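Since this is a predicted model, take the numbers as computed values, not measurements.
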There are 2 protein chains.
Amino acid sequence: MSEPKVTIADVAREAGVSKGLVSFALNDRPGVSAESRVRILEIAERLGWTPSLRARSLSTRRSFALGLVIARDPEVLGSDPFFPSFIAGVETVLAPQGLALVLSVVPDEKTEMRTYRSLVSDGRVDGVFLSDLRHNDPRIPLLQELGLPAVTLGRPDTESPFPCISVDDTPGVAETVRYLVSLGHRRIAHVAGSPALLHGSRRRAAFDTALREAGLPAGQSIETDFSVAAGADAARRLLTQDSPPTAIVFANDPMAIAGLGVAHELGLRVPDDVSITGFDDIDFTRYVYPALTTVRTAPSDWGRAAGRTLLDLMALGTAPDVDLPAGRLVIRGSAGTPLRP
Amino acid sequence: MSEPKVTIADVAREAGVSKGLVSFALNDRPGVSAESRVRILEIAERLGWTPSLRARSLSTRRSFALGLVIARDPEVLGSDPFFPSFIAGVETVLAPQGLALVLSVVPDEKTEMRTYRSLVSDGRVDGVFLSDLRHNDPRIPLLQELGLPAVTLGRPDTESPFPCISVDDTPGVAETVRYLVSLGHRRIAHVAGSPALLHGSRRRAAFDTALREAGLPAGQSIETDFSVAAGADAARRLLTQDSPPTAIVFANDPMAIAGLGVAHELGLRVPDDVSITGFDDIDFTRYVYPALTTVRTAPSDWGRAAGRTLLDLMALGTAPDVDLPAGRLVIRGSAGTPLRP
DNA sequence: AGGTTTGCCTAAACCGGTTCAGAAGACTCG
DNA sequence: CGAGTCTTCTGAACCGGTTTAGGCAAACCT
């Protein structure tokens, strides 16, 4: 079956030159005559030579792979389409370069730190993506100490030596709130994501600011862990109290969809009795009823940008931050004029 | 920062023995006196030696990584929580062994085949998981030819040299149909998954059989690609025709949730006017309205079983098939007695 | 002319492990 | 006591590339 792998030594012998020269020719580096170069390439081709990643790894001390460590409760992970799309985006830039993606899904943050350490000490990856950025993220100093190139998904709130790919969630949240206000809403609540996560607390801050700018009093906010279950709980709490909000801004779509379910269950009409908005514009949003008004983000663009930036960083030693265009509000049916403001 | 990596040569020098002996001691293989062994281990420990995966890879011709290639439209991938959970399950068995998971998300089947080839020729992985099994799956002969250990997720419909992890979907579908019939439904339709995918066509066959066994005439089936959008389209077609079905069995939850949305949009009451059931019991099902009656499956158990089986296969050269317990129907509110049978 | 540079190439070391042939010493056995 | 066997260990080859030091000849000075 597996015909004996042909090595550069075979090519060298066939071409009557030294191993070193073959290596030079193959990597087209100077110091090889044009004539020899084509002959060597031709012979390598004819012999069906393919480079041995393992040998190359050993001598160049690179692994030709990038890492992504995801620390999330599998439950939360499942309902969040961010990662599949993000990964698909990353792959579009890695694959052409012959780089692989090493994925780790770990249950908690402690394991996460250990995982980074072992990825490095095993030399498994040449760089990593840092997602779900947290406040004062301990992974940044860790990776700095480990000397591993990294790209952060989101702008860290601490000093960071790494380039970041970020998108400002503020405009999307602000647009949402303005839209709701323009429809006549005055009691607007927010179901926030995890306050430990930067995008969670930033969306919340954006919400607070937007209310203030609309001249409204501070609204209710409930913190969650971004999970569908927590979103449902929060919605229930908000909607079963006295004088419930007429609109709820959810920090992500899965929670908003759960909110829709809760509203229906409570016999409330959406958007007549309560308006609901989401964030991310996942696949589902178009197909729930009423279709979800939400802010569109583009996870696969993140993936592409992150991949490119990490490649640049590794090749050039430095890479600029990337600011992705802010998400725009997509208006569908789940938000409307309140029946009883 | 990065202190010069300590190698077995350092340990050997320090212990006053040869490199070979150190290697033997470290891998605890016979031929080392108990005395030397502990001394070498002690010194390795003291020096902070850690094995170089790269060097080991080169000399043992193994990569200590397993591969998963996912060929799916990113859109479909995003709404399907199978893979995140599956991967989390796989990781629980890989991580303790120091194995990594190499993930590839590719857009189409052609790229998929190329990806397998390059994973092998690069020696990136020691084995792979074969998911989304198709009829007459070309990946099986390919992997056989490439000599790569593999585990199939689902039982292939062709001769296969690989162990498979499978679960029989028939009981779940049958239970669903029986339940609907017991509620009084007579016109039951099916929104099937992709006929190219084994689990798609098997669920459909199970549906047909179940109807027959209930003494009902063949029901309507619509084929889809498992995507939310296709599910919504199918639901719309089914529900807008003359004498629409009173119940729709969807081949997965995302489509069922879309079906729920379509029903609402058409002004139909669920379950009074139409009952809807899903398959998989994803996170969302509990939180849509009405909560989805569906069949529970356990993707992370698949992951664990697949991981263990692949490890066994690689270690022992053979591993038995695993039959996972069939999914049971989870009764919630989306299916009920038809108002107008 | 002699010395320096340049272009092309080779040999060998190196990356950090594993593995194998065989040496040296201790032990067994007839 | 000498041959044979075990155990323990060494040295070197090996995995398949990259990289460096240096050799040799032709071209380039002045």
Can you name the side-chain contact (heavy atoms from CB on, under 4.5 Å) partners of A:Arg304, sequence neighbours left out?
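Checked A:Arg304 against side-chain contact (heavy atoms from CB on, under 4.5 Å); matches are A:Thr92, A:Val93, A:Ser300, A:Asp301, A:Arg308.
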Going by the angle between their ring planes, with limits at 30° and 60°, are A:Phe82 and A:Phe86 parallel, tilted or perpendicular?
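Answer is parallel, since the angle falls under 30°.
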What's the shortest heavy-atom distance between B:Leu153 and B:Leu133, and which atoms?
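Smallest heavy-atom distance, with atoms named: O-CB, 4.1 Å.
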Please tell me if the side chains of [X] and [Y] come closer than 4.5 Å, counting only heavy atoms from C-beta onward.
{"X": "B:His135", "Y": "B:Leu198", "value": "yes"}
{"X": "B:Trp302", "Y": "B:Thr297", "value": "no"}
{"X": "A:Lys19", "Y": "A:Val11", "value": "no"}

[N] [atom2] sits how many Å from [X] [atom1], rounded?
{"X": "B:Phe24", "N": "C:dT18", "atom1": "CZ", "atom2": "C1'", "answer": "8 Å"}
{"X": "A:Leu58", "N": "C:dC14", "atom1": "CG", "atom2": "P", "answer": "14 Å"}
{"X": "B:Leu21", "N": "C:dA23", "atom1": "CG", "atom2": "C1'", "answer": "14 Å"}

How about [X] and [Y]: does a side-chain donor come under 3.5 Å of a side-chain acceptor?
{"X": "A:Thr309", "Y": "A:Asp312", "result": "no"}
{"X": "B:Ser166", "Y": "B:Asp323", "result": "yes"}
{"X": "B:Ser33", "Y": "B:Ser36", "result": "yes"}

Atom CG in A:Leu119, atom OG in A:Ser63: separation rounded to 0.5 Å?
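One gets 9.0 Å once the value is rounded to the nearest 0.5 Å.
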First locate atom CE of B:Met113, then atom CG of B:Leu143, and finally report the distance between them rounded to the nearest 0.5 Å.
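One gets 8.0 Å once the value is rounded to the nearest 0.5 Å.
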Ion pair present between [X] and [Y], side-chain N to carboxylate O less than 4.0 angstrom?
{"X": "B:Glu109", "Y": "B:Arg139", "value": "no"}
{"X": "A:Arg46", "Y": "A:Glu14", "value": "yes"}
{"X": "B:Asp108", "Y": "B:Lys110", "value": "no"}
{"X": "A:Asp321", "Y": "A:Arg155", "value": "yes"}

Bend across the helix from C:dA1-D:dT30 to C:dG30-D:dC1, to 10°, with axes taken over 5 pairs at each end?
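End axes: 50° apart.
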Between [range] and DNA chain D, which residues have a heavy-atom gap below 4.0 Å?
{"range": "residues 8-20 of chain A", "value": "A:Ile8, A:Lys19, A:Gly20"}
{"range": "residues 31-42 of chain B", "value": "B:Gly31, B:Val32, B:Ser33, B:Ser36"}
{"range": "residues 44-54 of chain A", "value": "A:Trp49, A:Thr50, A:Ser52"}

Is there a side-chain polar atom (N or O) of B:Thr60 under 4.0 Å from OP1 or OP2 of C:dT18?
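No, because none of the side-chain N or O atoms of B:Thr60 sits under 4.0 Å from OP1 or OP2 of C:dT18.
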Please work out if A:Arg29 contacts a base, only the sugar-phosphate, or nothing of the nucleic acid, heavy-atom cut-off 4.0 Å.
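Counting heavy atoms under 4.0 Å across all strands, the contact made by A:Arg29 is with sugar-phosphate only.
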Pick base, sugar-phosphate or nothing for B:Ser23, based on heavy-atom distances below 4.0 Å to the nucleic acid.
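Base, at least one base atom sits under 4.0 Å.
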Range on DNA chain D touched by chain A, heavy atoms, distance below 4.0 Å:
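From 5' to 3', the first and last contacting nucleotides are D:dG16 to D:dT20.
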Are the side chain of B:Asp126 and the backbone of B:Leu66 linked by a donor-acceptor contact shorter than 3.5 Å?
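No, because the side chain of B:Asp126 does not come within donor-acceptor range (under 3.5 Å) of the backbone of B:Leu66.
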